[in-house]
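Report on the structure given below.
Owing to the predicted nature of the structure, the values given are computational and were not obtained by experimental measurement. Chain identifiers are assigned alphabetically (A, B, ...) following the order of the sequence lines, protein sequences preceding nucleic acid strands; residue numbering begins at 1 within each chain.
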Protein chains: 2
Amino acid sequence: MLGEKLKELRETKGFLQRQVAAQLQVDTAYISKMEHNEKPVSRNHLKKLSKVYSIPEAELLPLWLADKVLQVIEKQQYGIEALKLVLNKLDNDKSKP
Amino acid sequence: MLGEKLKELRETKGFLQRQVAAQLQVDTAYISKMEHNEKPVSRNHLKKLSKVYSIPEAELLPLWLADKVLQVIEKQQYGIEALKLVLNKLDNDKSKP
DNA sequence: TTGACTTGTCCTATAAAGGGCAAATGTAAA
DNA sequence: TTTACATTTGCCCTTTATAGGACAAGTCAA
């Protein structure tokens, strides 16, 4: 999910991977993999990316987290049930902290 | 979430941690930690536990997965948003596989 | 051809899993 | 009020997995 967003941002801003790579001080292959969800994006890179693309980090963070969740449940049975359990629990914990 | 369930199961079956520990071939401290969510439960142990307590693994798996998800989003902002994004994506992917 | 991007392979460092041991604490009964 | 288990907690250790990243070679479009 994050990958697509990053690619889209880069393209609408008209940047080349080479340019973004320079800002993060990595090579272009690394950027390519981020945009294809083949490498996780570190919190640190996420922050830099939000600067490079001039958007609030808050716009990327949910996607970033979602990818991490996705990776936990992918190829696993009961993923949806698990997510619902978690949502319920969070809801529940909120009312009595 | 899983910990509480394991403890409850053990108690209603009237087992001691020592007995369960023997079945899994670990020490009682390890069982205690599982029941307090202080150590993750491996898939393998989960399977054994389902046998020890004579319940289908399917009764434990969602809780087990939920704990893993929880651990990803805990102490993180936008956890709920992320979960909702994931649920949407899964829903979406289902319709066009 | 050249420049942009992708893909595969490899390496290293760090973090987490899996687990033991000892000491502390809880608890019931003699 | 000791004794005897059951459980919990803290600390330690080793192994495995993953993150983070480089590099080379491949593909794709103009």
Separation of Leu46(B) atom CG from dA17(C) atom C1', in whole Å? 15 Å
So, for Leu65(B) and Ala82(A), which heavy atoms are closest and what is the spacing to 0.1 Å? CB-CB, 3.7 Å
Sequence neighbours excluded, the answer for side chain to side chain donor-acceptor pair (under 3.5 Å) partners of Glu59(A) is Lys5(A)
Between CG of Leu87(B) and CG of Asn92(B), what distance do you get to the nearest 0.5 Å? 11.5 Å
What is the separation between atom CG on Asp67(B) and atom C1' on dA17(C), rounded to the nearest whole Å? 15 Å
Taking side chain as C-beta onward, heavy atoms only, is Tyr53(B) less than 4.5 Å from Thr12(B)? no
Are the side chain of Glu4(A) and the backbone of Met1(A) linked by a donor-acceptor contact shorter than 3.5 Å? yes
Global bending angle along the helix from dT1(C)-dA30(D) to dA30(C)-dT1(D), which compares the axes of five pairs at either end, to 10 degrees: 30°
May I have the distance from Leu6(A) (atom CG) to dT6(C) (atom C1'), rounded to whole angstrom? 16 Å
Are any non-hydrogen side-chain atoms of Val20(A) and Val26(A) less than 4.5 angstrom apart? no
Distance-only, no hydrogens or angles: does the Gln71(B) side chain make a donor-acceptor pair with backbone N or O of Lys68(B) under 3.5 Å? no
Closest approach of Asp67(B) and Gly3(B), non-hydrogen atoms and distance? OD2-N, 4.4 Å
Which pairs with one or both residues in residues 37-51 of chain A pass salt bridge (charged side-chain N to carboxylate O under 4.0 Å, His left out), sequence neighbours excluded? Arg43(A)-Glu57(A)
Heavy-atom check, side chain of Val86(B) versus side chain of Val69(B), under 4.5 Å: no
Closest-nucleotide 5' rank along DNA chain C - winner of Glu35(A) and Gln71(B): Glu35(A)
Please give me the minimum heavy-atom distance between Lys89(B) and Leu70(A), naming the atom from each residue. CD-CD2, 3.4 Å
Would you find a donor on one side and an acceptor on the other, under 3.5 Å apart, between the side chain of Trp64(B) and the backbone of Val41(B)? yes
When the ring planes of His45(B) and Tyr30(B) are compared, do they come out parallel, tilted or perpendicular, using 30° and 60° as the limits? perpendicular
Report each atom pair, protein N/O against N/O of nucleotides 18-27 of chain C, whose distance is under 3.5 angstrom.
{"from": "dG18(C)", "atom 1": "N7", "to": "Lys39(B)", "atom 2": "NZ", "distance (Å)": "3.3"}
{"from": "dG19(C)", "atom 1": "OP2", "to": "His45(B)", "atom 2": "NE2", "distance (Å)": "2.6"}
{"from": "dG19(C)", "atom 1": "N7", "to": "Lys39(B)", "atom 2": "NZ", "distance (Å)": "3.4"}
{"from": "dG19(C)", "atom 1": "O6", "to": "Lys39(B)", "atom 2": "NZ", "distance (Å)": "3.0"}
{"from": "dG20(C)", "atom 1": "OP2", "to": "Asp27(B)", "atom 2": "N", "distance (Å)": "3.2"}
{"from": "dG20(C)", "atom 1": "O6", "to": "Lys33(B)", "atom 2": "NZ", "distance (Å)": "3.0"}

Extract, from 5' to 3' on DNA chain D, the first and final nucleotides lying under 4.0 angstrom from some heavy atom of chain B. dA6(D) to dC11(D)
Note: contacts of residues 12-24 of chain A with DNA chain C (heavy atom, under 4.0 Å) are Leu16(A), Gln17(A), Arg18(A)
